[in-house]
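Just follow the structure's listing: the first ligand is 1, and inside any ligand the first atom is 1.
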Amino acid sequence: MEDRSCELFRKACEIIPGGVNSPVRACRNVDSMPLFISSATGCHLFDADGREYIDYVLSWGPMILGHTWPSVTAALKDAVPKGTSYGAPCAAEVELASLIVEAVSGVEMVRMVNSGTEATMSALRLARAVTGRDGVVKFIGCYHGHADPFLAAAGSGVATHSIPGTPGVPETVTRDTLLAPYNDLDAVSRLFAENGDRIAAIIVEPAAANMGLVLPAPGFLRGLRRLASEHGSLLIFDEVITGFRLAYGGAQGRFGIEPDLTTMGKIIGGGLPVGCFGGKRVYMERVAPQGPVYQAGTLSGNPLAMAAGIATLKQLKTMNYSGLENRTAAFARSLEEILAAKGVPVSVPSIASMFCVFFSEEAPSNFDQAKAADQKLFASFYRRMREQGIYLAPSGFETGMVSFVHSEEDFDRTLDAASKVVF
Ligand SMILES: *Cc1c(COP(=O)(O)O)cnc(C)c1O
């Protein structure tokens, strides 16, 4: 008999393209159908057929406190009866902005938006306005949302579904997107040597988490900081994933490197649709209405989203990030050992509360190497794990997420499932 997820998916496919509202949710490349989720609590998901899963997707990053963390749920319950949108300023916007400015060293002023995509496209617009230049250096396999200028050699769903370039994006737009391999400072130097006077910004994921997990090599981010400064370009850290995950102060706090502009999303909304861009005051003062660079949003600073974000950040301030990092690293090492013992090439890099299973001997340091990992092995691993109640991202080009509420028992159950996988 067909289960409820299949039935819903079949209906969805008739009225929603591909049956999903974001391509990364489709499970085509792992030869599966998506699960429809009916509820979630802690690090556990329940599908439409009542089956339970340990969640390592965490809504692609936001749920670092797990689902339905009590103070976040309470903040929402408190906010709902006060109205769901005003289209006028509210105190919660000032409070969330203060929490972000206090936590993130490179952010002196911040503008709230509704998604990471809006954050990166607005930050690039600002960088272009500030410098009077159009070019942007982007790294192959990094994902910065789905705005036109970033859809050249993008990671995440673009990589998963092997979408070459993207129809609908004018060549005149991506012409200004200059590509370099991740971790390749020489390639960036060459781009600057050839185009330095037309490069407005370098945008980078300070730990790349949309081509699988690819860590910055020592000196890479510092080198970008130096090149941007030397050539009068702005350095944009896209911390939509790493913000409040690599550390409370984000990647810039952890690595001690200050970008000119920062984009965030995911965690800062506590599971509601939020993003933000911020940076040095001299640049942010150029944003309308203080300055001429237009940016706006009907629902920006939405009171429910602000309430969830504030409750999340207040809680995170008290959490033991290094404890979670150590537990995640130990889990990743065990997972790697268990899979390696089966005779498959495997490497499971981790940082903070993120990990990634690559079916390759070495952890990749750029997109070409990430692509060389065995996607067929990944697909069977994904299916065998899901059958056993372990919910991983349905792509070898995505990153596993761990929350503060994943327990040792959850890890043990996951490792036990991995040990039963037959390739
Ligand atoms: C998810 C993500 C985005 C896009 O955010 P949305 O909220 O999905 O628009 C941008 N940059 C990075 C690094 C991301 O991981």
task = Would you check whether Glu205 has a nitrogen or oxygen atom less than 3.5 angstrom from a nitrogen or oxygen atom of ligand 1?
result = no
ask   = Less than 6.0 Å separating the ring centroids of Phe139 and Phe220?
value = yes
Enumerated ligand 1 atoms positioned under 4.0 Å from heavy atoms of Ser115 = 7 (O), 9 (O)
inquiry  = For atom 8 (O) of ligand 1, is there a protein heavy atom at a distance under 4.0 Å?
reply    = no
request  = Taking only heavy atoms of His144 into account, list the atoms of ligand 1 that are under 4.0 Å away from them.
outcome  = 10 (C), 11 (N)
inquiry  = Using only atom types and a distance under 3.5 Å, with no angle test, would you say the side chain of Arg281 pairs donor to acceptor with the backbone of Met109?
reply    = no
key: Modelled atom types, side-chain donor and acceptor of Arg383 and Ser32, under 3.5 Å   = no
key: Chi angles and distances behind the salt bridge (Lys or Arg N to Asp or Glu O under 4.0 Å) call for Arg226, Glu230   = CA-CA 6 Å; Arg226 181 175 46 75; Glu230 276 172 15; 3.5 Å; yes
ask   = Under 3.5 Å, N or O to N or O, is Val240 touching ligand 1 that way?
value = no
query = Using a distance-only test with no angle check, is there a side-chain donor-acceptor pair under 3.5 angstrom linking Thr41 and Thr68?
reply = yes
query = For the residue pair Phe378 and Phe358, is the inter-centroid distance of their aromatic rings smaller than 6.0 Å?
reply = no
request  = Compute the ring centroids of Phe331 and Tyr56, then answer whether they are less than 6.0 Å apart.
outcome  = yes
Atoms of ligand 1, numbered as shown, that sit under 4.0 Å from any heavy atom of Tyr143 = 11 (N), 12 (C), 13 (C)
message = Suppose I only count heavy atoms of Ile241 and a 4.0 Å limit; which atoms of ligand 1 are within that range?
response = 15 (O)
ask   = Atoms of ligand 1 less than 4.0 Å from Gly145 heavy atoms?
value = 3 (C), 4 (C), 10 (C)
Salt bridge (Lys or Arg N to Asp or Glu O under 4.0 Å) evaluation trace for Glu118 with Arg111 = CA-CA 11 Å; Glu118 278 183 65; Arg111 166 63 58 85; over 6 Å; no
request  = Determine yes or no for a side-chain-to-main-chain donor-acceptor pair under 3.5 angstrom, with Gln369 supplying the side chain and Ser365 the backbone.
outcome  = yes
request  = Report the nearest protein non-hydrogen atom to atom 6 (P) of ligand 1: residue, atom name, distance rounded to 0.1 Å.
outcome  = Gly116 N, 3.4 Å
Distance from atom 11 (N) of ligand 1 to nearest protein heavy atom, with residue and atom = Asp238 OD2, 2.7 Å
task = Consider every N or O of Thr117 and every N or O of ligand 1, then say whether any pair is closer than 3.5 Å.
result = yes
Under-4.0 Å heavy-atom contact with ligand 1, by part of Asn210 that carries it = side chain
Closest protein heavy atom (residue, atom, distance) for atom 2 (C) of ligand 1 = Lys266 NZ, 2.6 Å
